[in-house]
Amino acid sequence: MSKYKIEVTVNIVECDEETVAKPIELEDGCYQYTINGDSGESIDDCQIAVLNTAYPAIRDAIARHMEKVSKKKVLTFSGAKQLGVNEHPYLVDGAVGRFTFDTHFA
């Protein structure tokens with residue numbers, strides 16, 4: 001049976017960058033959210049900003065992982081060399097919000 005390691009890093013650092021309206025995904029797949037100083041010094045606002053940054057990152061990580069699991073299971077059980085992608089992505093309404101990922105067939 002496979003085992004999976006989950007790694008999470010959250011950094012809150014002071015900066016001189018412009019604030020943004022919502023978290024943005026960086027080229028490396030990380031998410032970043034620049035908030036104003038008052039929000040960064042407020043426990044409630046800071047918690048909300050961290051969660052608003054984490055949720056899209058979590059959804060993307062789970063979606064990428066489940067797509068790999070789909071590919072692995074089809075390859076393992078069918079022995080196929082090529083996979084097809086199902087026409088409709090799999091939709092999840094989960095604890096971290098709504099996300100989709102592709103599933104596969106032999």
Straight-line distance of [X] [atom1] to [Y] [atom2], nearest 0.5 Å:
| X | Y | atom1 | atom2 | answer |
| --- | --- | --- | --- | --- |
| T53 | I48 | OG1 | CD1 | 11.5 Å |
| L83 | L75 | CG | CG | 4.5 Å |
| K22 | N52 | NZ | CG | 11.5 Å |
| C15 | I35 | SG | CD1 | 9.0 Å |
| I6 | I58 | CD1 | CD1 | 10.0 Å |
| T19 | D38 | OG1 | CG | 11.0 Å |

Looking at L91, I want to see if its CG is surrounded by more than 12 non-hydrogen atoms of other residues, nucleotides or ligands under 6.0 Å.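 Yes.
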
Mark yes when over 12 heavy atoms from residues, nucleotides or ligands other than D28 sit less than 6.0 Å from its CG; otherwise mark no.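 Atom CG in D28 is packed in, count exceeds 12.
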
Between M66 and V92, is there a side-chain heavy-atom distance shorter than 4.5 Å?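 V92 vs M66: side chains apart.
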
Are any side-chain N or O atoms of T76 and backbone N or O atoms of K72, one a donor and one an acceptor, separated by less than 3.5 Å?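 Judged by distance alone, yes, a pair lies under 3.5 Å.
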
Give the minimum heavy-atom separation between Y33 and A49, together with the two atoms involved.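 In terms of heavy atoms, the two residues are closest at CD2-O, 3.6 Å.
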
Could you pull out the closest heavy-atom pair between D93 and R98, with the gap in Å?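 So the two residues come closest at OD1-NE, 2.7 Å.
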
Is it possible for you to say whether V8 and L51 belong to one hydrophobic cluster, with membership spreading through side-chain heavy-atom contacts below 4.5 Å?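 The answer is no; the residues belong to distinct hydrophobic clusters.
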
Hydrophobic cluster membership, V96 vs Y90, 4.5 Å side-chain cutoff: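 Yes; tracing contacts between hydrophobic side chains, which count when under 4.5 Å, links both residues.
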
Would you tabulate the side-chain donor-acceptor contacts of residues 99-106 under 3.5 Å, counting partners in other chains and residues two or more places apart, or write 'none'?
from: T103; atom 1: OG1; to: N86; atom 2: ND2; distance (Å): 2.7
from: H104; atom 1: ND1; to: S70; atom 2: OG; distance (Å): 3.1

